Amino acid sequence: MSLTAGSRPDGTRPPAAVEEPTAAVATAAAKDQVPRRTGKAGKKGKAGKVPWRVRLRRDRTLILMTLPVIALLLLFNYVPLLGNVVAFQEYDPYASSNGITAIFHSPWVGVEQFSRMFDDPLFWSATKNTIVLFVLQLVLFFPVPIVLALVINSVIRPRVRAVAQAIMYLPHFFSWVLVVTVFQQILGGAGIIAQTLEKHGWSGFDLMTDADLFKYLVIGQAVWKDAGWGIIVFLAALSAVSTDLYEAAAMDGAGRWRRMWHVTLPALRPVIALLLVLRVGDALSVGFEQFLLQRWAVGAGASEVLDTYVWNVGIQNGDFSYAAAVGLIKGVIGVCLVLGANKVAHLLGEQGVYKK
Amino acid sequence: MSLNTQLIRSLKAPPRPAWEEPPSKVGLTAKGGFLLLCCLGVLGPLWIVIVTSLSPKPVIDRVGGLVVIPQGITFINYTELLSGGQVSRAIMVSVGVTLFGTLFSMTVSVLAAYGLSRPGSLGHRFFLMTMMATMFFGAGLIPTYLLVQSLGLTDSYLSLVLPSAVSVFNILVLRAFFMGISPELTESARIDGASDLRILLTIIMPLSRAVLAVISLFYAVGYWSAWFNASIYLSDQEMMPLQNVLIQLVQRNTQAPTGLQQAVHTGQLSALGIQMAVMVLALIPVAVASPFVQRHFKKGMLTGAIKG
């Protein structure tokens with residue numbers, strides 16, 4: 001018997017071969033496209049040769065199971081996508097008895113709704129607010145979970161870790177209604193801080209209706225609600241870092257901070273890149289409910305973002321076509337941003353949302 | 001390992017590796033202080049809200065706002081709110097929508113996740129692409145609104161469930177988890193003649209309890225917290241869920257829910273106390289449920305985020 005890699009002279013199989021099935025399963029689970037080695041999937045290796053009738057009979061249960069979700073997505077995601085044609089119309093909901101059939105009876109106006117945007121100061125103000133808030137979120141919100149994760153990760157007592165995590169995750173599950181109300185009761189004109197200050201002779205404290213401070217206030221709310229939740233992904237990435245790396249660095253004389261700089265942060269790089277891509281791709285959605293809820297308190301001038309503008313023009317004022325046009329522009333730019341951000345991530349050697 | 005030894009082990013710090021330098025006093029204090037501050041920042045406001053909701057009117061009036069130190073606990077705000085009227089009805093609505101919605105969402109999601117868990121099955125790629133593509137574009141508020149309206153779902157609770165029933169992210173998490181289950185298990189069942197539905201119910205689902213709990217929580221919290229769809233699709237105030245009632249009470253300064261306005265005017269009840277009690281009622285379910293599921297969060301988020 002020739003001595004090849006993977007077989008031993010005594011005929012026993014090397015340990016690696018014994019572990020092979022588990023390893024294969026692990027990789028199969030990790031990569032979507034790799035076929036699993038089940039009996040059914042076994043036929044799949046030559047899937048191209050199996051006639052589709054046979055495959056249909058074999059997989060009909062699976063297809064039936066998938067259909068409800070596909071039907072819901074088609075109805076509530078794809079059909080409305082077609083409904084965006086009202087952006088090229090002067091849509092009149094009363095042109096027919098039904099909102100959808102009214103589309104066929106409404107006059108076409110080409111790109112008139114889009115050219116309206118250029119002369120609409122409210123649209124530009126909403127766009128400006130959206131961009132300013134996106135930049136502020138990126139600078140003031142994005143780094144917070146990373147810092148929190150690094151601190152939590154350096155705590156070695158499991159009980160302390162678990163309790164701190166449980167508390168920090170909690171606000172993520174509160175609705176925006178609750179979060180905004182809590183902030184209002186603490187920082188608002190009738191809130192606890194204003195009451196305390198008034199007792200000591202300072203009156204007129206009200207952060208909730210201050211248009212200039214509003215943008216920092218909403219960042220504060222977002223940090224309170226979601227920064228703790230953001231830790232999870234980073235903690236998962238940190239727990240995957242091999243201790244050998246830290247040990248080797250320590251042997252080479254790297255202190256605490258240098259280990260963080262040269263081992264921990266590089267380990268977080270792919271996750272940070274992924275989240276940045278996602279965030280930039282979603283740049284024009286800076287939060288909808290949060291702003292809608294505070295419109296009444298702070299006024300439309302400071303709180304209007306693109307999403308609330310669509311709501312205001314369309315649902316409130318009934319100018320469906322113009323609102324749909326604004327929404328469509330926002331959606332198209334959004335898709336471009338996702339693709340663009342991914343491209344940049346690929347150029348920088350990161351994976352991004354999808355692979356090349 | 002018994003629960004006791006587990007508890008003792010988790011309280012004691014595990015030994016540090018030999019190569020790690022011992023922590024400095026300053027560093028430890030700074031770290032502990034920082035964590036404590038973060039936790040207080042979360043729990044402090046909640047404490048104030050809860051204490052105020054439990055305080056009698058004289059105490060609230062004397063303090064002149066939210067109460068920090070409890071004096072004379074009373075449950076009158078809760079008994080008044082829960083003995084019928086606007087808020088009781090809103091709670092029933094919210095509970096109903098959350099239960100039915102979560103059940104519906106979980107059913108279709110689990111089925112789809114299993115249906116898509118075998119690469120190479122007929123239509124697998126097409127269905128997966130159809131699903132994932134929706135993560136990159138939003139349909140837009142206006143067309144969705146027009147669609148829901150012309151389907152005749154307005155003024156029906158179905159408008160709170162159907163348009164937001166499917167979360168593709170949640171399905172991908174479930175799917176990734178199902179695919180990680182050893183195929184030998186399902187294979188032997190299949191050889192014994194078990195159908196796919198039976199394999200899902202008796203093998204896959206019992207093995208996925210953790211991730212099922214996490215995803216159920218995600219869906220349930222979504223339904224419980226939602227208010228926007230109700231605000232545009234429902235016109236009948238009697239049908240409004242709890243979050244919408246809370247908005248009316250606090251944001252629009254209606255002060256007291258209908259039915260209790262009399263008691264507030266005559267000074268029996270504090271409007272603020274009532275508002276805070278409604279808030280507590282809205283946050284209790286999530287605050288109670290989420291810590292139980294917490295230890296599984298990482299599993300749920302990881303499979304989705306990394307493999308997505």
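All chains are named by letter (A, B, ...) in the order of the sequence lines, taking the proteins before the strands, and each is independently numbered beginning at 1. A quick note: this is a predicted structure, and the numbers were derived from the prediction, not measured. All heavy atoms count here, side chains included; hydrogens, waters and symmetry mates do not.
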Against chain A, label [X] side chain, backbone, both or neither, depending on which of its atoms sit under 4.5 Å from a heavy atom there.
{"X": "B:Thr52", "value": "neither"}
{"X": "B:Leu46", "value": "side chain"}
{"X": "B:Phe104", "value": "side chain"}
{"X": "B:Leu153", "value": "side chain"}
{"X": "B:Ser290", "value": "side chain"}
{"X": "B:Ile232", "value": "side chain"}
{"X": "B:Leu162", "value": "both"}
{"X": "B:Val166", "value": "side chain"}
{"X": "B:Leu141", "value": "side chain"}

Is there side-chain contact between [X] and [Y], with heavy atoms separated by less than 4.5 Å?
{"X": "B:Val110", "Y": "A:Met65", "value": "no"}
{"X": "B:Cys38", "Y": "A:Leu148", "value": "yes"}
{"X": "A:Gln185", "Y": "B:Leu272", "value": "yes"}
{"X": "B:Leu111", "Y": "A:Thr66", "value": "no"}
{"X": "A:Leu73", "Y": "B:Thr130", "value": "no"}
{"X": "B:Ile247", "Y": "A:Thr181", "value": "no"}
{"X": "B:Trp224", "Y": "A:Phe174", "value": "no"}
{"X": "A:Val69", "Y": "B:Phe127", "value": "no"}

Looking at [Y], is its backbone amide N or carbonyl O close enough to the side chain of [X] to form a donor-acceptor pair, meaning the two atoms are under 3.5 Å apart?
{"X": "B:Tyr145", "Y": "A:Gly314", "value": "no"}
{"X": "A:Lys330", "Y": "B:Gly140", "value": "no"}
{"X": "A:Arg55", "Y": "B:Gly120", "value": "yes"}
{"X": "A:Asp59", "Y": "B:Leu122", "value": "yes"}
{"X": "A:Trp176", "Y": "B:Ala226", "value": "no"}

message: For the CZ atom on A:Arg256, are there more than 12 heavy atoms of other groups (residues, nucleotides or ligands in this structure) within a distance under 6.0 Å?
response: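 Yes, enclosed.
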- prompt: For chain A, which of B:Met135, B:Gln243, B:Met276, B:Gln149 has the most heavy-atom pairs under 4.5 Å?
  reply: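 Heavy-atom pair counts peak at B:Gln243.
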Option in A:His172, A:Arg259, A:Met251, A:Arg161 with maximal non-hydrogen atom pairs under 4.5 Å from chain B: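 Option with the top pair count is A:Arg259.
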task: Pick out which of A:Ile167, A:Val163, A:Leu170 makes a side-chain contact (heavy atoms from CB on, under 4.5 Å) with B:Cys39.
output: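 Of all the options given, the one that passes is A:Ile167.
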query: Of the non-hydrogen atoms in B:Pro45 and A:Val182, which two are nearest, and what is the gap between them?
result: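 Residues B:Pro45 and A:Val182, closest heavy atoms: CB-CG1, 3.6 Å.
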